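A quick note: this is a predicted structure, and the numbers were derived from the prediction, not measured. Hydrogens, waters and symmetry mates play no part in the numbers below; they use all other heavy atoms, side chains included.
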Amino acid sequence: MRIGLTGGIGSGKTEAGKVFAGLGAFLIDSDVLAREALGSGMPGLRAIGARWPQVVGADGTLDREALAAVIFGDKEARLFVNGIVHPYVRERSAGIEATAPAGALIVHDVPLLFEAGFFRHCDANVLVVAPREQRIARLMARNAWTREEIEARMAAQIDPERARELADFVIENDGTLDDLRARTKAVAEILFRRNSMNDSGE
């Protein structure tokens, strides 16, 4: 089975992914692949640097904060970057998925799962949600971003209520970290059982 895992920035999606992986899921992290797509010397970084030279440092690496300042709040710029990153991520994800053990529960951790349409290729989709103010507080503490920077990033993602409508499972992250882990484990166990039944042909 292929599972899509997503959640808005600061929702706790990454922690949920760790729970799935800890239980034996084959986790593919699209965030890691997106960073790889814009790594030093990569064609994607050269294309972005040609358009916005200020986002590439003297050492030839991407200045992510500078790029964020360009694309959040500018839909056209965001689409340009996504047009570089998304095809690379899709290709790499497919290649990694092909290495998964037979019968594995494959979990794709994709921040823009619904926006990019990848959810349509998944057998089930899991959404992690958290109260808006908790997300903002968490991100301000973790990244030292301003509220305005965080809200710009949030505005670039799907509305959580629309995401709820598209998801098969919703994990509410409105309590402690242990609560999140327990709720994620409960969803994961359902999906592992389904996967096992599919694998056995039942």
Side-chain angles (χ1 to χ4, degrees), residues 2-21 25-39 42 44-45 48 55 62 64-75 77-97 106-132 134-140 142-143 145 149-173 180 184 187-188:
R2 179 188 292 137
I3 307 302
L5 172 64
T6 195
I9 187 170
S11 65
K13 168 184 64 65
T14 300
E15 189 61 38
K18 292 177 183 177
V19 173
F20 271 97
F26 188 87
L27 182 68
I28 301 173
D29 190 335
S30 292
D31 270 336
V32 171
L33 300 180
R35 288 193 290 272
E36 189 179 289
L38 301 181
M42 294 293 287
L45 181 58
I48 288 172
V55 307
L62 178 66
R64 297 188 177 280
E65 293 303 318
L67 180 62
V70 169
I71 66 173
F72 291 110
D74 185 335
K75 186 176 181 180
R78 195 159 61 249
L79 289 173
F80 178 83
V81 174
N82 286 345
I84 292 170
V85 173
H86 289 179
Y88 179 91
V89 170
R90 283 195 297 270
E91 182 177 349
R92 286 282 286 124
S93 293
I96 295 170
E97 184 178 288
I106 300 167
V107 177
H108 287 265
D109 180 339
V110 185
L112 301 180
L113 179 73
F114 298 122
E115 296 92 323
F118 187 73
F119 73 100
R120 297 186 182 92
H121 304 288
C122 297
D123 298 296
N125 293 288
V126 179
L127 172 70
V128 183
V129 296
R132 181 181 178 86
Q134 283 188 22
R135 293 168 62 196
I136 291 172
R138 189 177 299 145
L139 289 164
M140 289 179 73
R142 188 177 75 197
N143 300 90
W145 291 338
E149 288 172 327
I150 294 166
E151 289 179 339
R153 285 166 166 80
M154 287 182 167
Q157 296 183 320
I158 189 171
D159 180 86
E161 292 310 309
R162 175 55 181 154
R164 283 178 184 272
E165 295 171 3
L166 296 171
D168 299 290
F169 297 89
V170 178
I171 298 170
E172 302 281 353
N173 183 16
L180 171 61
T184 303
V187 170

In Å, rounded to the nearest 0.5 Å, how long is the span from [atom1] of [X] to [atom2] of [Y]?
X      : Y      : atom1 : atom2 : value
Leu38  : Leu45  : CG    : CG    : 6.5 Å
Asn125 : Thr6   : CG    : OG1   : 8.5 Å
Glu161 : Leu166 : CD    : CG    : 11.5 Å
Leu127 : Asp168 : CG    : CG    : 10.5 Å
Ile158 : Leu113 : CD1   : CG    : 9.0 Å
Leu27  : Lys18  : CG    : NZ    : 10.5 Å

Among Phe118, Phe26, Phe119, Phe20, the one residue meeting ring-ring contact (aromatic ring centres under 6.0 Å, His included) with His108: Phe118

CA sep, side-chain torsions, deciding dist, call: Glu151, Arg132, salt bridge (Lys or Arg N to Asp or Glu O under 4.0 Å): CA-CA 10 Å; Glu151 289 179 339; Arg132 181 181 178 86; 3.8 Å; yes

How far apart are the closest heavy atoms of [X] and [Y], and which atoms are they?
X      : Y      : result
Arg78  : Phe72  : NH1-CA, 4.1 Å
Arg135 : Pro160 : NH1-CG, 4.1 Å
Ser93  : Leu33  : OG-CD1, 3.4 Å
Ala34  : Val85  : CB-CG1, 3.7 Å
Phe169 : Ala124 : CE1-CB, 4.3 Å

Candidate pair Glu15 and Arg138, rule salt bridge (Lys or Arg N to Asp or Glu O under 4.0 Å), full reasoning: CA-CA 13 Å; Glu15 189 61 38; Arg138 189 177 299 145; over 6 Å; no

Residue list, salt bridge (Lys or Arg N to Asp or Glu O under 4.0 Å) with Arg92, at least two apart or on another chain: Glu36

Trace of the side chain to side chain contact (heavy atoms under 4.5 Å, CB included) decision for Asn82 with Leu112: CA-CA 10 Å; Asn82 286 345; Leu112 301 180; 4.3 Å; yes

N/O donor-acceptor pair under 3.5 Å between Asn173 side chain and Val128 backbone: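 No, because the side chain of Asn173 does not come within donor-acceptor range (under 3.5 Å) of the backbone of Val128.
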
N/O donor-acceptor pair under 3.5 Å between Ser30 side chain and Asp109 backbone: yes

Sub-4.5 Å side-chain heavy-atom contact between [X] and [Y]:
X      : Y      : answer
Ile9   : Leu139 : yes
Arg153 : Trp145 : yes
Val89  : His86  : no
Leu5   : Val110 : no

Evaluation steps, side chain to side chain contact (heavy atoms under 4.5 Å, CB included), between Lys13 and Asp31: CA-CA 11 Å; Lys13 168 184 64 65; Asp31 270 336; 3.8 Å; yes

